[in-house]
Amino acid sequence: MTATAPPEAPPEVDLGGEARSRRTDKGFTGLVALAGLTVLIVLGLILVTTSVQAWPAIALDPIEFLTGTRWSPSDEVFGTFGFLYGTLVTSVIAMIVAVPVSIGIALFITEVAHRRARRYIVTVVDLLATVPSVVFGLVGSIVLIPWVTPIYQWWSGVVAPVPGLNAIFDETNTGRNYFTAGLILAVMCIPIITSISREVFATVPDIDKQGAYALGATRWEMIKGAILPHSFGGLVGASMLGLGRAMGETIAVALVIGGAIGVNTNMFAPGNTMAAVIAQQWGESGGLHTDALIGIGVLLFAITVLINFLARVVVRRAEIQMKGAHS
Amino acid sequence: MTTLHGTTPPDLSGRNLSFRRSLADKSATFGIGLCVLIAALPLALVAWQVVSRGASTWSLDWFIEEIPRNYRTEGPGMGPAIVGTLVITGMAALLSIPIGVLGAVYLNEYGKNKPLARFIRTMADVMTGVPSIMMGLFIYVGYVTVIEERTGFAGALALACLMLPIVIRSTEEMLRLVPDELRQASAGLGARKWRTVMGVVLPAASSGITSGSLLAVARAAGETAPIIVTVGLTYVYKPDLFDGANTTLAAQIFRNASQPFAASQDRAWGAALTLIAIVFLFTILSRIVAARFAIDRR
C-alpha cells in the first residue's frame, strides 16, 4: 500500500441544512397549511358574507321567509316555501329515475359487461358528466319539451279516473313543469351515482361472489344475495350525493321548469326551484329583492352542505365496515 | 359431475334451473342492460341535436364577429364569448391550481391523518357538492358589491372557488400514488422536506396533477350560474378581465335559449357546439396526459 494523498474534500453540496433553508422549510410548511385551510376559510366566508347580506330580507319576517308561499318582490313579501317544495319534488323525481338506472349501469359494468365493453360504457358515463348543464337545459327546453307535452297530456288522460294519481298527474298544457325538470336532473345525476356505486361494488370481496356461485346461485341471485346487502350503506351515500347535485342544479332547471310561483301537487304544472329562481330573477332584481334571492341561496347552501356531509359520513362508514369485515 | 374449476365458477349453463329462477336471472340481466341504454340515450340525443343544429352556424365570421345586440338579428358572431370563456377560465385556473396543489401537499405530506387534515379533506368533499350558483352569490357579495362593478375577474374568482376542491382532491389522489421510497431516498440524501416535495414528489406526480387540473378546467368552462351572477353582459371583445362586464359561451347559451326567436336560438345551438368542443378538447387533453402518466408508473 502506498501512501496516498488524503481524499479531496467533497464539493460543497447544499442539502438544505443551512439556517436559511430551515427557514424556508418552516415557511413552506406554513404556506401549504394555509393553502389547505383555504377550503375552510372559503366555506366559512361563503356562509358569513351571504348570510349578512341576506339578513335584511330574512329579518322582515323569518317565519314567512321559511314557510310562506307568496313571493312578491314588488310588495316586499318573500315566502320561499314554494321554491323549497319545487326543489324537493324535482329532486325526488330525479332520484326515483336515476338511482335504479345508475345502480343498473354500475352492476352492468362490474358484473355483466365484457372487459373490453366495460371501457366504452365507462366512457359514455364520463361523457355524460362532461356535458355542461346549460346544454342539457338547451336540449330540454327546445327539443324535449315539444316531444313530451303530448305524452304528458295522454298520461293525464289515462290516470284521470284514478283517485290520488289524478292529483299528481293532472291536466297540462305545457311541458315546462316539475316532471321535465326532474327527468333532466336525473340524467345529470346518473354519472355521479354510477361512479360511486361502482367504487362501492368494487369493495365486495370476490370470495363472497364465488361463494354464492358455488352454492348454485344464478347471477341475479348472486347480485341479490352477495353484492347488494354488502353495498347497501355505500349505495345510500351515493344516492345522497346525487341528491345534493340535483338540489343545487341551476341552469338546466331554470330553462325547463316554467317559473311559476307557489306549491302545486300536479307534477305536470309549472313551478320553480330554489336555485332556478335565483338565476331567473337575478337580472331584474335590486335592493331587497336581491337580498332575498341571496337568502334563498343561503338556505340552499345549508341544505346541500348538510346532505353532502351526511353522505360522505355514510360512505366512509360503509367503507370502514366493509374493510373491517374482511381484512 | 363434481369437477372443480379452480377460481372460475362451476357450470352454470342453466340447464337444471327452474323456469322461475332462469326467468328472473334473464330479466334482471335484460333490465341491467336496459339501464345502460337509458343512459346512452340522452347522450346520443344531446350529441345529435347539438351537432346537427349547431354546425350550420359555424363559419369564420362565427368565431371572430361581435355578438349581435338584438335577439332577432340573424347572423353569426360569438367571438367575444369565446375569448371570454377562455380568458375567464384561464384566470380561474391560474388562481385555483397553485392553491389547490399546495393544499393537497398539506393534506398528503404534512397533515396526513391529523384531525385538522381529515376535517379539511371532508370539507373539500363537501365543497365539491356546494351548488355552483352559491359560489357566484358569494363572489357577488364579497367582491362585486365591494368594487361596485361586474367584471370578468369576479367570474374567474367564482370559478376558482368551484375548481379549488376538485383540484385538491384529484391532486391528493395523485400524490398518494407516489411511492414512499422516493420520499425516503430524498430524505436520506439530506434534503429538507420542502425540497423533497418540490423536487421529488410534485415532479413525480406532475402528469397526474395536470390531468386532474385539466378536468377541473373543463368543468369550470361549462359553468353558467356563477357567470350570470357575477360577470354581467357584453357584446364586444373584453380581453381585459378588470374592464367591466364580460361574457362567456355558457352565459350566451342561457340568454339566447330563453328567447322565442329563431335567430337567437340558432346562436344558442352554435354556442353550445362551440362550448362542447372546448370542453371536450380539455377532457381529451386530460385523458392523453393521464395515459402518459400510466406509462410513467410502470
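Lettering follows sequence order; numbering is per chain, from 1. Hydrogens, waters and symmetry mates play no part in the numbers below; they use all other heavy atoms, side chains included.
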Tell me if the [atom1] atom of [X] is crowded by more than 12 foreign heavy atoms within 6.0 Å.
| X | atom1 | value |
| --- | --- | --- |
| B/R287 | CZ | no |
| A/R118 | CZ | yes |
| B/F280 | CZ | yes |
| A/Y120 | OH | no |

Using non-hydrogen atoms only, which part of [X] is less than 4.5 Å away from chain B: side chain, backbone, both, or neither?
| X | value |
| --- | --- |
| A/D126 | side chain |
| A/T24 | both |
| A/P100 | backbone |
| A/L127 | both |
| A/V124 | both |
| A/R312 | side chain |
| A/I192 | neither |
| A/V135 | side chain |
| A/L43 | side chain |

Is [X] in contact with chain A via its backbone, its side chain, both, or neither, using a 4.5 Å heavy-atom distance?
| X | answer |
| --- | --- |
| B/F282 | neither |
| B/V101 | neither |
| B/L43 | both |
| B/A218 | neither |
| B/T128 | side chain |
| B/R255 | neither |
| B/V50 | side chain |
| B/I228 | both |
| B/T224 | both |

Do [X] and [Y] have side chains that get closer than 4.5 Å, going by heavy atoms?
| X | Y | result |
| --- | --- | --- |
| A/L31 | B/W194 | no |
| A/L293 | B/L137 | no |
| B/W48 | A/V143 | no |
| A/L138 | B/Q265 | no |
| A/T50 | B/Y140 | no |

To the nearest 0.5 Å, how far apart are [atom1] in [X] and [atom2] in [Y]?
| X | Y | atom1 | atom2 | value |
| --- | --- | --- | --- | --- |
| B/T122 | A/N308 | OG1 | CG | 11.5 Å |
| A/T38 | B/Y106 | OG1 | OH | 11.5 Å |
| A/L37 | B/I99 | CG | CD1 | 12.0 Å |
| B/I133 | A/T250 | CD1 | OG1 | 4.5 Å |
| B/F138 | A/F301 | CZ | CZ | 9.5 Å |
| B/D25 | A/I223 | CG | CD1 | 8.0 Å |

So, for [X] and [Y], which heavy atoms are closest and what is the spacing to 0.1 Å?
| X | Y | answer |
| --- | --- | --- |
| B/F254 | A/A254 | CE1-CB, 4.1 Å |
| B/A24 | A/W220 | O-CD1, 3.9 Å |
| A/G104 | B/I32 | O-CG2, 3.2 Å |

Based on non-hydrogen pairs under 4.5 Å, which of [options] is most in contact with chain A?
| options | result |
| --- | --- |
| B/L37, B/L116, B/L215, B/V141 | B/V141 |
| B/M135, B/Q49, B/R219 | B/Q49 |
| B/L41, B/V279, B/L275, B/I253 | B/I253 |
| B/R53, B/R121, B/M134 | B/M134 |
| B/L102, B/T145, B/T283 | B/L102 |

For this session: Kindly assign one of parallel, tilted or perpendicular to the pair A/F28 and B/Y110, based on the angle between their ring planes and the thresholds 30° and 60°.
Result: tilted
For this session: Quick one: list whatever passes salt bridge (Lys or Arg N to Asp or Glu O under 4.0 Å) with B/K193, sequence neighbours left out.
Result: none
For this session: Starting from the C-alpha separation in whole Å, work towards a yes-or-no answer on side-chain contact (heavy atoms from CB on, under 4.5 Å) for B/L45 and A/F136.
Result: CA-CA 10 Å; B/L45 177 71; A/F136 279 121; over 6 Å; no
Do you know which of [options] has the most heavy-atom pairs under 4.5 Å to chain B?
| options | answer |
| --- | --- |
| A/V52, A/V305, A/L47 | A/V305 |
| A/V101, A/V134, A/I105 | A/V134 |
| A/I190, A/T130, A/V131 | A/T130 |
| A/E221, A/R245, A/E249 | A/E221 |
| A/T49, A/L255, A/I46 | A/I46 |
| A/I294, A/V313, A/T194 | A/I294 |

Problem set entry | Worked verdict on A/V42 versus B/M127 for side-chain contact (heavy atoms from CB on, under 4.5 Å) | CA-CA 9 Å; A/V42 169; B/M127 198 172 162; 3.6 Å; yes
